[in-house]
Amino acid sequence: MNDESKDEAPMSSRYERVYALVRVIPAGQVATYGQLARLAGCTARVAGYAMAAARPADEVPWQRVINSQGRVSQRREGADGDVRQRRMLEKEGVIFDAYDRIDLAAFTWPGPGWDWLEANGYDPGGM
DNA sequence: CGCATGACCCAGG
DNA sequence: GCCTGGGCCATGC
């Protein structure tokens with residue numbers, strides 16, 4: 001349904017597995033790059049790169065992905081994406097403590113649970 | 001093809 | 001808790 005021959009959809013397909021997972025995260029909850037990486041079968045670094053490459057057209061709630069410290073990853077100097085990410089999360093009801101940290105135990109996507117997904121061989125590409 | 005650069009993570013000190 | 005160093009791997013020049 002799309003012509004990627006000359007369309008501006010470069011490597012998105014390479015990150016599609018990660019995007020598919022992120023789209024499942026409900027508003028008000030978060031997941032870490034590491035968790036996504038394990039489920040998507042890539043490294044945490046790639047998961048992070050995938051988020052950086054995500055664009056509005058991909059319809060990926062990238063703001064719900066944070067680092068293993070439970071914090072919003074800082075962007076490079078001059079980029080304000082991290083600030084917006086925090087505001088978006090707070091608007092969804094996510095709480096940051098005095099250390100700018102999110103209580104992973106309380107906000108990490110528990111829904112069906114990552115363990116459940118892994119135990120059931122969840123396949124991002126076959127949903 | 002080599003080199004530099006990331007929205008990472010983990011182990012140590 | 002903070003700072004370092006090493007390992008990861010995709011991208012772009």
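These numbers come from a predicted model, not from an experiment.
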S.K.: Taking the side chain as every heavy atom from C-beta outward, state whether F96(A) and V72(A) have any atom pair closer than 4.5 Å.
M.R.: yes
S.K.: If you define the side chain from C-beta out and look only at heavy atoms, does anything of V18(A) sit under 4.5 Å from M51(A)?
M.R.: yes
S.K.: When the distance from CZ of R45(A) to P of dC8(C) is rounded to whole Å, what number comes out?
M.R.: 12 Å
S.K.: A side-chain contact here means heavy atoms from C-beta on lying under 4.5 Å apart; do W62(A) and V22(A) qualify?
M.R.: no
S.K.: From CD1 of I66(A) over to C1' of dA7(B), roughly how many Å is that when rounded to an integer?
M.R.: 12 Å
S.K.: Each nucleotide N or O in nucleotides 1-5 of chain B that has a protein N or O under 3.5 Å away: list the pair and distance.
M.R.:
from, atom 1, to, atom 2, distance (Å)
dT5(B), O3', R76(A), NH1, 3.4

S.K.: Does Y15(A) get its side chain close enough to the base of dA10(C), under 3.5 Å, for a donor-acceptor pair?
M.R.: no
S.K.: Which part of the nucleic acid, if any, lies within reach of R101(A) when heavy atoms closer than 4.0 Å are counted: base, sugar-phosphate only, or nothing?
M.R.: sugar-phosphate
S.K.: Considering only heavy atoms from C-beta outward, does the side chain of R71(A) approach that of Y99(A) to under 4.5 Å?
M.R.: yes
S.K.: Nearest to the side chain of R75(A), which nucleotide is it out of dC8(C), dC9(B), dA7(B)?
M.R.: dA7(B)
S.K.: Strictly by side-chain hydrogen bond (donor to acceptor under 3.5 Å, both in side chains), give each pair with a member in residues 87-96 of chain A just once, sequence neighbours left out.
M.R.: Q63(A)-E92(A), R64(A)-E92(A), R86(A)-E90(A)
S.K.: If I take atom CZ in residue R55(A) and atom C1' in nucleotide dA7(B), what distance separates them, rounded to the nearest angstrom?
M.R.: 17 Å
S.K.: Do L21(A) and Q35(A) come close enough that some side-chain heavy atom pair is under 4.5 Å?
M.R.: no
S.K.: Measure CG/L36(A) against P/dA7(B) and give the value in whole Å, please.
M.R.: 16 Å
S.K.: Which of these passes side-chain contact (heavy atoms from CB on, under 4.5 Å) with I102(A): L89(A), T108(A), I95(A), D97(A)?
M.R.: L89(A)
S.K.: Can you tell me the distance, in whole Å, between the CD1 atom of I102(A) and the P atom of dA7(B)?
M.R.: 18 Å
S.K.: Could you work out which one of dC8(C), dA7(B), dC8(B) sits closest to the side chain of T43(A)?
M.R.: dC8(C)
S.K.: Go nucleotide by nucleotide along DNA chain C from the 5' end; which of V46(A) and Q69(A) gets its closest nucleotide reached first?
M.R.: Q69(A)
S.K.: From the options dC9(B), dA7(B), dC8(C), select the nucleotide whose nearest atom is closest to the side chain of M51(A).
M.R.: dA7(B)
S.K.: Using a heavy-atom cut-off of 4.0 Å across all strands, would you classify G81(A) as base, sugar-phosphate, or nothing?
M.R.: nothing
